[in-house]
A.B. asks: 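Would you mind keeping the following structure in view while I ask a few things?
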Number of protein chains: 2
Amino acid sequence: MNLTELKAIQLAELFSALSDASRVRIISLLIEGEMSVSALAEGLKMTESAVSHQLRGLRQMRIVRARKEGRQVFYSLEDEHVQKLYSMGLDHVEYG
Amino acid sequence: MNLTELKAIQLAELFSALSDASRVRIISLLIEGEMSVSALAEGLKMTESAVSHQLRGLRQMRIVRARKEGRQVFYSLEDEHVQKLYSMGLDHVEYG
DNA sequence: ATAATATATGAACACTTGCTCATATATTCA
DNA sequence: TGAATATATGAGCAAGTGTTCATATATTAT
């Protein structure tokens with residue numbers, strides 16, 4: 001297949017989105033529907049700042065999308081690709 | 001789904017296997033069949049030491065398997081899970 | 001306007017990661 | 001046995017990551 005270095009880097013970046021337990025947990029919540037930063041922070045027992053920092057990275061990778069409503073910002077998954085990767089990975093961890 | 005912290009960590013570890021361009025390229029070569037450390041090093045233009053260090057990590061994550069033959073060690077993918085993650089990720093990068 | 005609330009951001013720091021270089025181990029060959 | 005070859009490993013280091021803490025920005029309520 002002779003993967004180009006560029007694509008190797010892009011692939012690595014994509015998988016990096018799920019290479020941290022906090023981000024995995026954020027995504028696992030967003031799979032169930034959109035959530036505000038503070039709701040995520042409470043659900044994950046993380047500070048809002050830490051969640052916000054992670055969301056920023058996920059936003060830049062186009063993994064999540066932000067929707068502002070008043071002073072809250074609701075995040076949701078950008079598309080179904082990451083969700084598919086997530087569930088395939090979970091299968092591997094659970095029954096692999 | 002209420003992902004446990006343990007599973008979040010395991011998932012993150014699994015995706016970490018593919019979160020670095022060198023490892024992605026190693027895996028992309030191993031998808032085509034088993035290879036010795038030196039063949040990988042040459043194909044990837046990496047030192048054998050660097051390749052060996054990465055293979056060690058992949059071995060510990062049970063992503064690759066080692067088969068010794070004389071003084072060479074041939075590596076191959078442990079199962080098809082990672083290959084599936086890889087090709088799904090590649091789809092996303094190429095047409096996503 | 002002022003205060004309160006929700007989120008974002010930057011700096012700082014501890015921790016991790018991936019490499020190089022030197023060295024060790026194992027195997028084959030002379 | 002000793003030299004050569006293939007791989008593995010440990011130390012050290014530069015670069016990257018994820019958090020906290022302080023502060024900034026935006027929005028709403030009084």
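By convention in this document, chain letters (A, B, ...) are assigned in the order of the sequence lines, proteins followed by strands, and residues within each chain are numbered from 1.
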A.B. asks: Ignoring hydrogens and geometry beyond distance, is a side-chain donor-acceptor pair present between A/Arg59 and A/Tyr75 at under 3.5 Å?
C.D. replies: yes
A.B. asks: So, OP1 or OP2 of C/dA8: does either fall under 4.0 Å of a side-chain N or O from A/Arg71?
C.D. replies: no
A.B. asks: Distance criterion of 3.5 Å, no angle test: do you see the side chain of B/His53 paired donor-to-acceptor with the base of C/dT20?
C.D. replies: yes
A.B. asks: Write down the distance between CG (B/Leu40) and C1' (D/dA8), rounded to a whole number of angstrom.
C.D. replies: 15 Å
A.B. asks: Find the distance between CE (B/Met88) and CG (A/Leu11) and round it off to the nearest 0.5 Å.
C.D. replies: 12.5 Å
A.B. asks: Just to confirm, is there a sub-4.0 Å distance from OP1 or OP2 of D/dT28 to any side-chain nitrogen or oxygen of A/Gln72?
C.D. replies: no
A.B. asks: Between D/dT27 atom C1' and A/Arg67 atom CZ, what is the distance in whole Å?
C.D. replies: 15 Å
A.B. asks: On DNA chain D, check which nucleotide each of B/Val73 and A/Ser16 is closest to and give me the residue with the more 5' one.
C.D. replies: B/Val73
A.B. asks: Would you say A/Lys68 places a side-chain N or O within less than 4.0 Å of OP1 or OP2 belonging to C/dT7?
C.D. replies: no
A.B. asks: Is the distance from OP1 or OP2 of C/dT9 to the nearest side-chain N or O of A/Arg59 less than 4.0 Å?
C.D. replies: yes
A.B. asks: Just N and O in the side chain of A/Tyr75: are any of them under 4.0 Å from OP1 or OP2 of C/dA8?
C.D. replies: yes
A.B. asks: Could you tell me the separation between the CD atom of A/Glu48 and the C1' atom of D/dC21, rounded to a whole number of Å?
C.D. replies: 14 Å
A.B. asks: Return no unless some side-chain N or O of A/Thr47 is found under 4.0 Å from OP1 or OP2 of D/dT20.
C.D. replies: yes
A.B. asks: Rounded to whole angstrom units, what separation is found between the CZ atom of B/Arg56 and the P atom of D/dT7?
C.D. replies: 17 Å
A.B. asks: Could you check if a side-chain atom of B/Phe15 sits within less than 4.5 angstrom of a side-chain atom of B/Leu85, using non-hydrogen atoms only?
C.D. replies: yes
A.B. asks: Check B/Arg65 with B/Glu34, please: is the shortest side-chain N to carboxylate O separation under 4.0 Å?
C.D. replies: no
A.B. asks: Starting at CG of B/Leu55 and ending at C1' of C/dT17, how long is that distance when rounded to a whole Å?
C.D. replies: 16 Å
A.B. asks: Between P on D/dT7 and CE on B/Met46, what's the gap in Å once rounded to a whole number?
C.D. replies: 14 Å
A.B. asks: Taking the minimum atom-to-atom distance to the side chain of A/Ser52, which one of C/dT7, D/dA8, D/dT20 wins?
C.D. replies: C/dT7
A.B. asks: Between A/Ser38 and C/dT5, is there a side-chain N or O to OP1/OP2 distance below 4.0 Å?
C.D. replies: no
A.B. asks: So, OP1 or OP2 of C/dC21: does either fall under 4.0 Å of a side-chain N or O from B/Ser49?
C.D. replies: no
A.B. asks: Distance check needed: D/dG18 P versus A/Met61 CE, whole Å only.
C.D. replies: 8 Å
A.B. asks: Starting from A/Met61, can I reach A/Leu18 by hopping between I/L/V/M/F/W/Y residues whose side chains sit under 4.5 Å apart?
C.D. replies: yes
A.B. asks: What's the CE-P distance between B/Met35 and D/dA6, to the nearest Å?
C.D. replies: 16 Å
